[in-house]
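Structure first, commentary second.
One is the number of the first residue; the rest follow in order along the sequence. Since the structure is predicted, the reported quantities are computational estimates derived from the model, not experimental observations.
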Amino acid sequence: MTVPQRLDGRVAVITGGAGGIGLASARRMAREGAKIVIADLDTDAGKAAAEEVDGTFVRADVTDESDVRGMFQTAVDTYGSVDIAFNNAGISPPDDDSILDTGIDAWQRVQQVNLTSVYLCCQQVIPHMRRQGKGSIINTASFVAVMGAATSQISYTASKGGVLAMSRELGVQFAREGIRVNALCPGPVNTPLLEELFAKDPERAARRLVHVPIGRFAEPEEIAAGVAFLASDDASFMTASTFLVDGGISGAYVTPQ
């Protein structure tokens, strides 16, 4: 498929870029002309991803302020700017469950990786973008940030709600400085984690699938297309938005047979 060169010459930093939505987005943005910096804890997968897109790998713990600062500085030192920050790293561990069963350690670990990391990434990248007078920040939230589920992952849901609210606030605050901040809200995506859920608990997985009007889960490449759009000038009048790529889940009451 031919893709437009909307991101020619721009520099994108992607956290959690070694796999899943992050890797698919790295591939898509590279195809559209962007220079890519992959940030991840997985050194082997991160280096392989960076090599595939002819980019740069930075090993970074996104919950560590100095690592996050260094990650963006590497992008500036290597390529001269940071035009796109896709703050995508996140976790969804099995011990994050119902509020009645989720301990404080599990709660705090998910909040650190999913919410505090986005705070740190935005805090560290915005000064670079202010100097440039432009930039696009895309923060990965989730469709669970806008609706409730009886199959709860309480800390994950709360963390994504926090990402959504923070993105909205930053999008408003910095709009007149040329910096756009949007929250990407994917529906369930066909990843190894989801495949494991199907294999381990088909009934629980099927309970999720029935609520998707399109009748299937997303492929990472479909979410990546949304990321590339938000990164590009095609989204130049979009900021502080809740950008849902969820197969219709959040708009559904009764789904098709």
Side-chain angles (χ1 to χ4, degrees), residues 7 9-93 109-129 132 135-142 159-160 163 166-167 170 179 181-184 186 189 191-193 220 223-224 226-228 230-231:
L7 307 177
R10 299 186 191 184
V11 179
V13 177
I14 304 171
T15 66
I21 293 170
L23 178 56
S25 298
R27 290 168 174 158
R28 176 62 185 251
M29 287 196 280
R31 287 172 63 199
E32 293 208 24
K35 299 177 176 68
I36 306 294
V37 176
I38 299 280
D40 208 285
L41 276 174
D42 188 330
T43 300
D44 291 341
K47 285 181 175 178
E51 183 176 348
E52 179 186 338
V53 298
D54 195 24
T56 297
F57 170 69
V58 179
R59 187 184 186 280
D61 177 351
V62 290
T63 69
D64 183 279
E65 184 177 349
S66 62
D67 276 14
V68 172
R69 184 184 302 113
M71 171 180 82
F72 290 117
Q73 193 60 51
T74 295
V76 172
D77 292 344
T78 305
Y79 299 116
S81 66
V82 183
D83 304 293
I84 302 154
F86 181 29
N87 302 321
N88 167 70
I91 59 172
S92 180
R109 186 169 71 256
V110 172
Q111 293 297 315
Q112 278 292 111
V113 177
N114 290 6
L115 179 57
T116 301
S117 74
V118 176
Y119 153 79
L120 288 172
C121 287
C122 290
Q123 182 188 65
Q124 295 302 316
V125 79
I126 285 172
H128 291 293
M129 291 181 171
Q132 298 163 186
S136 174
I137 297 172
I138 304 152
N139 296 325
T140 300
S142 170
S159 71
K160 295 303 186 179
V163 169
M166 179 165 54
S167 302
L170 296 176
I179 300 169
V181 186
N182 292 292
L184 176 76
V189 182
T191 62
L193 192 65
I223 308 301
V227 175
L230 290 173

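Looking at heavy atoms from C-beta onward, Ile223 lies out of side-chain contact with Pro220 at the 4.5 angstrom threshold. Considering only heavy atoms from C-beta on, Arg59 comes within 4.5 Å of Leu41 through its side chain. Side-chain contact between Ser117 and Val68: absent, with no pair of heavy atoms (C-beta onward) separated by less than 4.5 Å. Annotation: side chain of Thr15 is in contact with side chain of Met71 (closest heavy-atom distance under 4.5 Å). Contact of the Asn139 side chain with the Cys122 side chain is registered, since non-hydrogen atoms from C-beta on lie closer than 4.5 Å. Two residues are said to be in side-chain contact when any heavy atoms from C-beta on lie closer than 4.5 Å; Cys121 and Phe72 meet this criterion. Two residues are said to be in side-chain contact when any heavy atoms from C-beta on lie closer than 4.5 Å; Val125 and Val13 fail this criterion.
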**Request:** Using the side-chain contact (heavy atoms from CB on, under 4.5 Å) rule, take Ile138 and Asn87 through it: C-alpha gap first, then chi angles, then the decisive distance, then the call.
**Result:** CA-CA 6 Å; Ile138 304 152; Asn87 302 321; over 6 Å; no
**Item:** From CA spacing to verdict: side-chain contact (heavy atoms from CB on, under 4.5 Å), Ile126, Ile137
**Value:** CA-CA 9 Å; Ile126 285 172; Ile137 297 172; 3.7 Å; yes
**Asked** Could you walk me through whether Val58 and Val37 pass the side-chain contact (heavy atoms from CB on, under 4.5 Å) check?
**Response** CA-CA 7 Å; Val58 179; Val37 176; 3.9 Å; yes
**Message:** Using the rule given for side-chain contact (heavy atoms from CB on, under 4.5 Å), can you reason through Ile84 versus Val11, listing the C-alpha separation, both sets of side-chain angles and the distance that settles it, and then say yes or no?
**Reply:** CA-CA 6 Å; Ile84 302 154; Val11 179; over 6 Å; no
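Here the CG atom belonging to Asp64 is positioned 9.0 Å from the CZ atom belonging to Arg69, to the nearest 0.5 angstrom. Separation of atoms OG (Ser136) and CG (Asn182) is listed at 6.5 Å; rounding is to 0.5 Å. Asp40 CG to Asp61 CG: the interatomic distance, rounded to the nearest 0.5 Å, is 10.5 Å. One distance of note links CD1 of Ile91 with CZ of Arg109; it measures 5.5 Å at 0.5 Å rounding. Leu184 contributes atom CG, which lies 7.5 Å from atom OG of Ser25 (distance to the nearest 0.5 angstrom). Expressed to the nearest 0.5 Å, how far OG1 of Thr43 lies from CZ of Phe57 amounts to 4.5 Å.
Shortest non-hydrogen contact noted between Ala18 and Leu23 is O-CD2, 3.8 Å. Between Ile21 and Phe86 the shortest heavy-atom distance is CG2-CZ, 3.9 Å.
Not a single side-chain contact (heavy atoms from CB on, under 4.5 Å) links Ala48 to another residue, sequence neighbours left out. Residues passing the side-chain hydrogen bond (donor to acceptor under 3.5 Å, both in side chains) test with Ser81 are Asp83, sequence neighbours excluded. Under the rule for a side-chain contact (heavy atoms from CB on, under 4.5 Å), Glu51 has no partner lying at least two apart in sequence or in another chain. Partners of Gln123 by side-chain hydrogen bond (donor to acceptor under 3.5 Å, both in side chains), not counting sequence neighbours, listed by chain and number: Tyr119. Every side-chain contact (heavy atoms from CB on, under 4.5 Å) that Ala228 has, sequence neighbours left out, goes to Arg6, Arg28, Met29, Glu32. Partners of Val53 according to the side-chain contact (heavy atoms from CB on, under 4.5 Å) rule, which considers only residues two or more places apart in sequence or in another chain, are Ala26, Arg27, Ala30, Ile36.
Side-chain atoms of Gln132 come within 3.5 Å of backbone N or O of Val82 as a donor-acceptor pair.
For the pairing with Val163, the side-chain contact (heavy atoms from CB on, under 4.5 Å) check across Asn114, Thr140, Val118 returns one residue only, Val118.
Atom CG of Asp77 is surrounded by more than 12 heavy atoms from other residues, nucleotides or ligands within 6.0 Å.
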